[in-house]
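This is a predicted model, so every value here is computed, not measured. So you know, we letter chains A, B, ... as the sequences are listed, proteins then strands, and number each from 1.
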Amino acid sequence: MFSNITKIADLKDNVEKTVTIGGWVYHSRPGGKVIFLVVRDGSGLCQCIIEKTAVPEELFSQLAHLSMESSLTLTGTVRADDRSVGGYELAVTDAKILCPSQDYPITPKSHGIDFLLKNRHLHLRSQMPWCIGRIRHTLVNAIRQFFNDNGFTLVDTPIFTGIAGEEAGSLFEVDYFGLPANLTQTGQLHLECAALSYGRVYCFGPTFRAEKSKTRRHLTEFWMVEPEVTFIDLPGLLEIAENFVSFIIKKVLETNRAELQTLGANIASLEKIQPPFYRLTYTQASEILTSQKAQDFLAAQLNEFKTAKQETENKIAALEAESKGAIKQWRKDKIASELIDLRIELGELDTKIENNPKHAKLAAEFKWGEDLGGSDETLISLMHDKPVFVTHYPREAKAFYMKQDSENPKVVQNFDMLAPAGFGEIIGGSMREDSYDKLLAKIIEHKYKIENYQWYLDLRKYGSVPHGGFGLGVERTLAWLTGEKHIRQCIAFPRMMDKILK
RNA sequence: UCCCCGAUAGCUCAAUCGGUAGAGCGAGCGGCUGUUAACCGCUAGGUCGUAGGUUCGAGUCCUACUCGGGGAGCCA
């Protein structure tokens, strides 16, 4: 029945031909003599022109009263026209309404985030989530392609697990037929087993963290890709990581430039992301944090914030003054929505101004041995225009499985990759401890039950080799690429602390 | 877990000193228009988050609770 449906994205190949499209009303501008219906079909938008003289009178009247998100098929001639979205339009000769939509809750005006999340099942149809979803698809595809093309074997690691990969405290516990089990926090430990079988492996799936974190950078369920490689050292891992990240960004830039533009992403800065990335040891990073340069940077930033605040306040005052004058209603609307945005901006600037001295203090008082805090990472990433690897963290601050450095026993061979412009950590990785004795000592030190880790220790007993890997968070990467402030927009149905909506 | 902010029409927001509840969008009806966040006119739409308190009088002040937003810590 629908075999003759043409996708809107393919209209460019059907100019002057008669086609049928199927989709949903995105926008309607009905008139006495001509109706403009913008229709979306998942592949794009198309403006459909319905002239009163071209269709039966009853159909014209029905189409004139069609509201947002009504579903229908439309038949007509494709015309190239610069006045239409996408450059093509359909001169309609016939249409069939499938399901008229009444009182669709999402309107073209702005909505609050709570409302949109409650209506997430419908919000997915809107432009922003649609663009992000398309980019996510490319990103996921590119991730698989990179590893598949570089000799990695996909291994699906379990979601129910008996042991913790990261530190406890962020585990979701489940009742597994009366036995305690957890949802996976990482596929790494299982992946290491597979790496010793295949050499180069990766896993890609959902990951669960029960962290009580209500921030724009946290989900309780997120997707992570984790490669694991044998016969490698830390510099080798960094090389894979920077090639990997550069590859996926290149693919997104190639495939989704239009979506990135719609979302207002910083394309120019993404185009700069090419190997090599910056490399800092933890010790160098801590020196930067406590340096005068960092303090000067923060002071300059504070001044920028204050200037921006002043400018924003001036803009608000000017708009408020204009709004009180005798002006057209549409201008008043525009001012009102601009004012809302400006006030949000002002609030964010206030937060930044408030946090800046705290961050300066944290940075200045940074002591070797602590883990890098969020603000420290942000500061370092802001001071660089490309991603930064921070390596060799203090052993005490890091997970038990990370390999002790041969030259400096106080540090481990690990790395975090910080995205530029303050987006923070998107990759964490390390060489794994391959010495049976050292790993055992760490397990004992952490007071973990040895019997739970015997299988993991076995990997160091039977043909242990140097190996390592890393994990990349899909939603955080997507937030970075798209310029989305909040990670919750980067997955179709976000799971957040204390909130499962559907 | 801690700190800050908020809750008014379906949605986004106003409401001055504590004194009769207002717009726009969306919805419905009509008009007009190669329109494009179209425009113009009319109509409907409210127990001001919940429960107390202060007051002649509370959307506005106070207390508690619920829900939401932002930030800190922690992390991908």
Each base of RNA chain B marked ( ) or [ ] if paired in-strand (Watson-Crick or G-U under 3.5 Å), | if paired to another strand and . if unpaired gives (((((((..((((.....[..)))).(((((.......))))).....(((((..]....))))))))))))....
Over all strands shown, is [X] touching base, sugar-phosphate only, or nothing at heavy-atom distances under 4.0 angstrom?
X: E221(A); answer: nothing
X: G32(A); answer: base
X: P30(A); answer: base
X: I49(A); answer: base
X: Q47(A); answer: base
X: I106(A); answer: nothing

So among R200(A), E192(A), R432(A), which one has a side-chain hydrogen bond (donor to acceptor under 3.5 Å, both in side chains) with H467(A)?
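One option only clears the test, and that one is E192(A).
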Self-check item: Greater than 12 external heavy atoms within 6.0 Å of E58(A)'s CD
Solution: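 No, not enclosed.
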Name the pairs: protein N/O against N/O of nucleotides 71-73 of chain B, kept only if under 3.5 Å.
from: G71(B); atom 1: OP1; to: R216(A); atom 2: NE; distance (Å): 2.4
from: G71(B); atom 1: OP1; to: R216(A); atom 2: NH2; distance (Å): 2.6
from: G73(B); atom 1: N1; to: K212(A); atom 2: O; distance (Å): 3.2
from: G73(B); atom 1: N2; to: K212(A); atom 2: O; distance (Å): 3.2

Could you tell me whether C29(B) is syn or anti, where syn means a glycosidic angle within 90 degrees of zero?
->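 Because its glycosidic torsion lies more than 90° from 0, C29(B) adopts the anti conformation.
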Would you please test T391(A) and R279(A) for side-chain contact (heavy atoms from CB on, under 4.5 Å) and show each step? CA-CA 8 Å; T391(A) 65; R279(A) 285 160 167 77; 5.8 Å; no
Integer-rounded Å distance: [N] [atom2] and [X] [atom1]:
X: E484(A); N: A76(B); atom1: CD; atom2: P; result: 22 Å
X: I35(A); N: C39(B); atom1: CD1; atom2: P; result: 18 Å
X: E475(A); N: C75(B); atom1: CD; atom2: P; result: 19 Å
X: E425(A); N: C74(B); atom1: CD; atom2: C1'; result: 11 Å
X: R476(A); N: C74(B); atom1: CZ; atom2: P; result: 13 Å
X: D416(A); N: C74(B); atom1: CG; atom2: C1'; result: 13 Å

| Under 5.5 Å between ring centres and under 30° between planes: does that hold for F36(A) against the base of G34(B)? |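 Aromatic stack with G34(B) absent for F36(A).
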Query raised in the report: Which one, U35(B), A76(B), C75(B), comes nearest to the side chain of E377(A)?
Result: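 Out of U35(B), A76(B), C75(B), the nucleotide with an atom closest to E377(A)'s side chain is C75(B).
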Can you tell me which nucleotide in U35(B), A76(B), G69(B) comes closest to the side chain of R29(A)?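 Out of U35(B), A76(B), G69(B), the nucleotide with an atom closest to R29(A)'s side chain is U35(B).
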Scan nucleotides 8-11 of chain B against the protein and return all N/O pairs shorter than 3.5 Å with their distances rounded to 0.1 Å.
from: C11(B); atom 1: O2'; to: S110(A); atom 2: O; distance (Å): 3.4
from: C11(B); atom 1: O2'; to: H111(A); atom 2: ND1; distance (Å): 2.5

Compute whether any side-chain donor of one residue and acceptor of the other, for Y393(A) and D416(A), lie under 3.5 angstrom apart.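 There is such a pair between these side chains.
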Which atom pair, heavy atoms only, marks the closest approach of P158(A) to T184(A)?
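Closest approach of P158(A) to T184(A), heavy atoms only: O-CB, 3.6 Å.
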Report task. Only pairs at least two apart or in different chains count here, so list each side chain to side chain donor-acceptor pair (under 3.5 Å) that has a residue in residues 355-366 of chain A. Result ->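 Non-adjacent pairs meeting side chain to side chain donor-acceptor pair (under 3.5 Å): zero.
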Salt bridge (Lys or Arg N to Asp or Glu O under 4.0 Å) partners of residues 83-93 of chain A, not counting sequence neighbours, each pair once: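 Found R79(A)-E89(A), D81(A)-R83(A).
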TODO: Kindly say whether, by distance alone, the side chain of E89(A) makes a donor-acceptor pair under 3.5 Å with the base of G34(B)?
DONE: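 Answer yes: a donor N or O sits under 3.5 Å from an acceptor.
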Q) Closer to the 5' end of RNA chain B via nearest nucleotide, is it Y104(A) or V34(A)? A)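 Per heavy-atom nearest nucleotide, the more 5' residue is Y104(A).
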For L219(A) and for R79(A), find the nucleotide of RNA chain B with the closest heavy atom, then tell me which residue's nucleotide is more 5'.
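Nearest nucleotide further toward 5': that of R79(A).
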Contacts under 3.5 angstrom, residues 367-375 of chain A side chains, donor-acceptor by atom type, not counting sequence neighbours:
from: W368(A); atom 1: NE1; to: T283(A); atom 2: OG1; distance (Å): 3.0

Quick one: is R83(A) getting a side-chain N or O under 4.0 Å of the G34(B) phosphate, OP1 or OP2?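 Answer no for this pair, as no side-chain N or O of R83(A) is under 4.0 Å from OP1 or OP2.
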Between H392(A) and Y282(A), does the ring centroid distance fall short of 6.0 Å?
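Here the rings of Y282(A) and H392(A) have centres that are no less than 6.0 Å from each other.
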